[in-house]
Amino acid sequence: MAPAHVLRCCQRVLGWIPVLFITLVVCWSYYAYVLELCIYTIRSDTEKVIYLVFFHIFFILFVWSYWKTIFSCPANPSKEFCLSKSDKELYEKEERQEYQQEILRRAAKDLPIYTTTATNAIRYCERCQLIKPDRCHHCSTCDVCVLKMDHHCPWVNNCVGFSNYKFFLLFLMYSLLYCLFIAGTVLQYFIRFWTNELPDTRAKFHVLFLFFVSAMFFISILSLFSYHCWLVGKNRSTIEAFRAPSFRTGPEKDGFSLGFGKNFCQVFGDEKKYWLLPIYSSLGDGCSFPTRLVLGDPEQNVSAIHSDSSKKYVCLQFSRDMNTVCVGGLYIVLLEGCH
């Protein structure tokens, strides 16, 4: 027990090394750009002011979003997903898997859960002893179940999930803008130092490395940011991109996709004034999510009607106790297997 505890403490301490590395690089970039470039190298006061104003805007937004990504605690399932004391005792005493599943099904019948395991079983976390909500996964590094878990990121020493996914995207975006701005404004002085047009000073080393480091980080972050923009458009997490969520009728990679606009609002919210700020504005509670389609499932909140002639899909919402929906004054009966 003691060695495991010591190992866990060492893991937590070592987890801050990548964050410390990023912090040191950012601090050096601030010193090199503000002092060595703007104060000591650039002669034009107008150019200095313009560069410093825009630099500090990008710097503040970058650091703010990075800070929020690191220190936003991963959202965990609410107490309603935990088994009651009696159900937990029954589950632990029962050795037969089919009877354990029966206990879980009884406990989950009133929960907003539509995804299952690949074998159509209730998703249960033995470690946290709770029924997993849709899109929730257990993080072995944090040792907790995380709502809408995307991945555990060593560069922020935190799980990226429902509570901080927006902050993570903004962190990537402002990292790109920060690096692009530095590389773009340093380029002319990089060339002048490289061709010996400017005299050799201490600033030469900082300016040369500023360009190389910012360009390198820009290229590496660009692919990651592009990938996550694609995930937002599809309303998928990184885990779901590699393994499609399973519903009662089988795997459905686009099960949570509501269209690009609604998918975007799921992460960034309805209020446009908060979209570009690292302020929490995501929709929902992280425990349940609207779904586009669950084929043949009469308990789901969303059903779809498929037109063979036009090959278009129309999503229609209805409550659980209804099996009809009104479209243009006509009541359509929603039949099982309609897709």
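Predicted model only: the values in this text are computed from it and were never measured.
Listed for the E240 side chain is a donor-acceptor partner under 3.5 Å among the backbone atoms of S237. No donor-acceptor distance shorter than 3.5 angstrom exists from the side chain of D87 to the backbone of A107, with no hydrogens or angles considered. Side-chain N or O atoms of S163 include one that pairs as donor or acceptor with a backbone N or O of C73 at under 3.5 Å. With hydrogens and angles ignored, the 3.5 Å screen pairs no side-chain donor or acceptor of N120 with any backbone N or O of T117.
For the residue pair S288/D134, the side-chain donor-acceptor check at 3.5 Å is not satisfied. Counting only N and O atoms by type, the side chains of Q100 and E95 include no donor and acceptor under 3.5 Å apart. A donor-acceptor pair shorter than 3.5 Å cannot be found between the side chains of Y33 and H206.
The aromatic ring centroids of Y174 and Y66 lie 6.0 Å or more from each other. When ring centroids are compared, Y30 and F55 come within the 6.0 Å threshold. Aromatic ring centres of F205 and F209 lie closer together than 6.0 Å. Remark: aromatic rings of Y91 and Y124 are close, center separation under 6.0 Å. Taking the centre of each ring, H137 and H152 stay at or above the 6.0 Å mark.
Of the charged side-chain nitrogens involved, none lies within less than 4.0 Å of a carboxylate oxygen, so that K234 and D254 do not count as a salt-bridged pair.
Applying side-chain contact (heavy atoms from CB on, under 4.5 Å) to R135 and the options N235, D150, L147 leaves one that passes, N235. Between V49 and the options T46, L52, V53, a side-chain contact (heavy atoms from CB on, under 4.5 Å) holds for only V53. With F167 as the partner, the side-chain contact (heavy atoms from CB on, under 4.5 Å) test is satisfied by one option alone out of T69, V156, V160: T69.
Looking at S29 and Y178, their side chains come closer than 4.5 Å, going by heavy atoms from C-beta outward.
Relative ring orientation between F289 and F256 is described as perpendicular, the plane-to-plane angle rising above 60° on a 0-90° scale split at 30° and 60°.
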Next item on the list: Starting from the C-alpha separation in whole Å, work towards a yes-or-no answer on ring-ring contact (aromatic ring centres under 6.0 Å, His included) for Y189 and F193.
Entry: CA-CA 6 Å; Y189 294 97; F193 273 122; 7.6 Å; no

Next item on the list: Using the side-chain contact (heavy atoms from CB on, under 4.5 Å) rule, take W230 and R236 through it: C-alpha gap first, then chi angles, then the decisive distance, then the call.
Entry: CA-CA 9 Å; W230 179 80; R236 298 178 197 169; 3.3 Å; yes

Next item on the list: Assess whether ring-ring contact (aromatic ring centres under 6.0 Å, His included) is satisfied between Y114 and F247, documenting all intermediate values.
Entry: CA-CA 6 Å; Y114 301 108; F247 293 85; 7.9 Å; no

Item checked: Derivation of the side-chain contact (heavy atoms from CB on, under 4.5 Å) call for F217 and S175 -> CA-CA 8 Å; F217 272 98; S175 299; over 6 Å; no

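Hydrophobic side-chain contacts under 4.5 Å tie I239 into a cluster, directly or through other members, with V144, V146, M149.
Minimum heavy-atom separation, A241 to L231: CB-CD2, 3.8 Å.
Taking CZ from F211 and CG from L208, the interatomic distance works out to 10.0 Å, rounded to the nearest 0.5 Å. Atom CD1 of I131 sits about 11.5 Å away from atom SG of C125, to the nearest 0.5 Å. Between the SG atom in C229 and the CG atom in L172 there is a gap of 8.5 Å [rounded to 0.5 Å]. One finds the CD1 atom of I70 at 11.5 Å from the CZ atom of F168 (value rounded to the nearest 0.5 Å).
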Side-chain atoms of residues 265-281: list all donor-acceptor pairs with protein atoms under 3.5 Å, sequence neighbours left out, distances to 0.1 Å.
from: W275; atom 1: NE1; to: G269; atom 2: O; distance (Å): 2.9
from: S281; atom 1: OG; to: K166; atom 2: NZ; distance (Å): 2.7
from: S281; atom 1: OG; to: F268; atom 2: O; distance (Å): 2.7

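Annotation for W194: atom CH2 does not count as buried by contact number, only 12 or fewer foreign heavy atoms lying within 6.0 Å. More than 12 heavy atoms of other shown residues, nucleotides or ligands fall within 6.0 angstrom of atom CZ in R106.
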